[in-house]
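Structure first, commentary second.
Everything quoted here is computed from the prediction, not taken from an experiment.
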Amino acid sequence: MIKPGQYLYYIIILLVILAGSCADPPARFSEADSLPDIYPDYKEVVIPVNIAPLNFRLEGATERIRVRIEGQEGGRIKVKGRKSIRIPREKWKSLLENNRGRSLIMTIFSRNAEGWSRHLPFSVHIADHPVDPYIVYRRIAPGYETWSRMGIYQRDVTSFAEHTIIDNRLLPGNCMNCHSFNNNDPGEMLLHLRGNVTGTMLVRNGEAVKLNTRVEETVSHGVYPYWHPSGNYIAFSVNVISQVFHSRREKRIEVIDSKSDLVIYDVVNNKLVSSPLISSEDSFETFPAFSPDGNSLVFCTAEKREVPDEYDRVKYSLCRISFDPVTGYFGERIDTLVSSAKTGKSVSYPRISPDGRYLVFTLSDYGNFSIWHREADLYQLDMGTGEYKPATPINSNETESYHSWSSCSRWLLFSSRRADGLYTHPYMAYMGEDGNFRKPFLLPQRNPDHYDMSLTSFNVPEFVTGKVKANGRSMFRAIGSSGKNVTFELKE
């Protein structure tokens with residue numbers, strides 16, 4: 001039983017505990033001569049004004065940490081912890097809003113056996129441009145010949161909330177991939193199913209339908225998709241895909257196309273349309289992407305080779321063909337934007353910014369499944385001048401791929417294996433007015449150890465402007481249906 005005189009003592013103890021996030025830096029400390037080694041590395045990055053707190057841990061032999069975060073336009077947050085720092089969300093949100101377009105200065109104090117040290121301060125710049133509030137990705141274990149638990153999830157980037165859109169618990173062993181949205185619109189979505197149940201799930205206006213996109217005239221179901229901005233067309237590649245394995249660690253796996261063409265799904269008329277120019281027997285065509293104005297289609301194409309014997313000689317160029325959204329017809333000429341003959345390398349996954357200024361693509365030594373190529377880097381092409389260059393600030397010594405633009409064309413979301421060479425994690429980078437990317441940062445998590453403890457890769461991260469409201473159960477009902485058959489037309 002607590003005596004009346006003891007209440008004041010316990011109240012004081014409670015106030016000391018609650019004041020942990022308001023603790024002042026230590027009175028005595030030594031000056032460190034280096035920036036702090038923190039994970040994730042948020043030093044000197046540019047962040048959106050609506051991003052979740054940049055929680056981090058301090059590496060090395062550290063017993064306690066104290067952090068002071070100060071805004072150039074005023075405001076301050078003080079946080080303390082042991083090995084890691086978790087910043088109060090509401091205080092963080094207010095600090096970002098009050099310093100929009102300015103910088104935050106972070107100063108870290110750490111204590112070890114020798115006492116307290118103050119590390120050199122670093123800045124975090126807050127961009128004027130907010131980012132789309134949600135991203136969608138597939139989480140999957142990095143397996144090869146079979147699939148285990150996987151799903152499509154959405155993450156609120158303004159907080160740490162993650163929600164399931166659909167997973168394969170009711171479809172054991174089934175693969176779900178290639179999710180895609182129309183202009184970052186969460187109301188228009190599709191994804192592809194492989195395994196025991198096959199087909200393409202199309203979700204529009206809350207209604208889910210399974211499309212049987214495999215017809216007699218094509219070699220497979222629709223695979224890599226891209227929406228026309230009108231929503232009336234969806235470009236697909238149709239691919240015959242196989243896997244081969246390497247005995248060396250540097251190259252674990254190759255995913256190879258032995259056949260691939262392009263088709264356009266006419267949503268209104270429920271038919272697939274193609275042309276000999278994008279479905280040639282003498283070449284491989286894949287990874288289509290419509291321009292933001294809807295008047296052209298970019299894609300990757302390579303001279304047909306015998307695979308798997310000549311797998312490392314398959315090198316894709318980036319090409320473009322005009323498209324008339326009124327008639328659904330293609331132009332009569334293909335233009336080459338990036339030639340494999342000139343680069344000696346292979347292009348994959350082209351994505352044009354919504355404002356039409358830049359196209360980002362992945363460049364690797366050969367093939368089109370660059371996610372398993374350590375040398376794969378991101379490149380950017382100026383759509384006005386036709387010049388391209390490596391996106392050096394966002395590349396690393398490991399794989400970069402699977403990128404997506406925000407709706408404002410100022411943020412790029414991409415997957416990278418830079419942490420350990422095995423798992424892909426989601427990174428975000430800002431593009432300045434000068435057309436150059438800034439240092440990328442890892443998507444923040446509530447627990448800074450999240451990625452170390454996670455045994456899944458984050459595949460195909462894509463920005464969306466709101467929460468996806470598609471009901472997973474209604475999608476499963478559509479999956480279990482016989483599906484909607486489509487017709488085919490070859491336009492000469």
Sidechain N-carboxylate O distance under 4.0 Å for [X], [Y]:
X: D365; Y: K345; answer: yes
X: D449; Y: R57; answer: yes
X: E162; Y: R155; answer: no
X: E59; Y: K83; answer: no

Checking side-chain polar atoms at under 3.5 Å, does [X] have a donor or acceptor matched by the opposite partner on [Y]?
X: Y265; Y: N270; result: yes
X: Y366; Y: D312; result: no
X: T158; Y: D156; result: yes
X: S291; Y: S296; result: yes
X: H221; Y: R214; result: no
X: E489; Y: T487; result: no
X: S317; Y: T301; result: no

Within the 4.5 Å heavy-atom criterion, are [X] and [Y] side-chain neighbours or not?
X: N395; Y: L378; value: yes
X: F287; Y: P350; value: yes
X: L413; Y: Y427; value: no
X: I278; Y: D261; value: no
X: L412; Y: I394; value: yes
X: R204; Y: N182; value: no
X: Q445; Y: Y451; value: yes
X: Q380; Y: Y388; value: no

With [X] as the cation and [Y] as the aromatic partner, state whether NZ or CZ is under 6.0 Å from the six-membered ring centre and within 45° of the axis.
X: R313; Y: Y311; result: no
X: R438; Y: Y430; result: no
X: R417; Y: W372; result: yes
X: K467; Y: Y134; result: no

Test item: [X] side-chain N/O and [Y] main-chain N/O as donor-acceptor pair under 3.5 Å:
X: D132; Y: I135; answer: no
X: S481; Y: A478; answer: yes
X: Y233; Y: P325; answer: yes

Task: From Y137, F458, Y349, residue fulfilling ring-ring contact (aromatic ring centres under 6.0 Å, His included) relative to Y402 - done: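 Among Y137, F458, Y349, the one that satisfies the ring-ring contact (aromatic ring centres under 6.0 Å, His included) with Y402 is Y349.
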TODO: List the steps and the verdict of side chain to side chain contact (heavy atoms under 4.5 Å, CB included) for I256 and V314.
DONE: CA-CA 9 Å; I256 303 169; V314 179; 5.8 Å; no
Open item on the list: Can you confirm whether N397 is buried at CG, in the sense that more than 12 heavy atoms of other residues, nucleotides or ligands lie under 6.0 Å from that atom?
Closed with: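 For N397, atom CG is not crowded (no more than 12 foreign heavy atoms under 6.0 Å).
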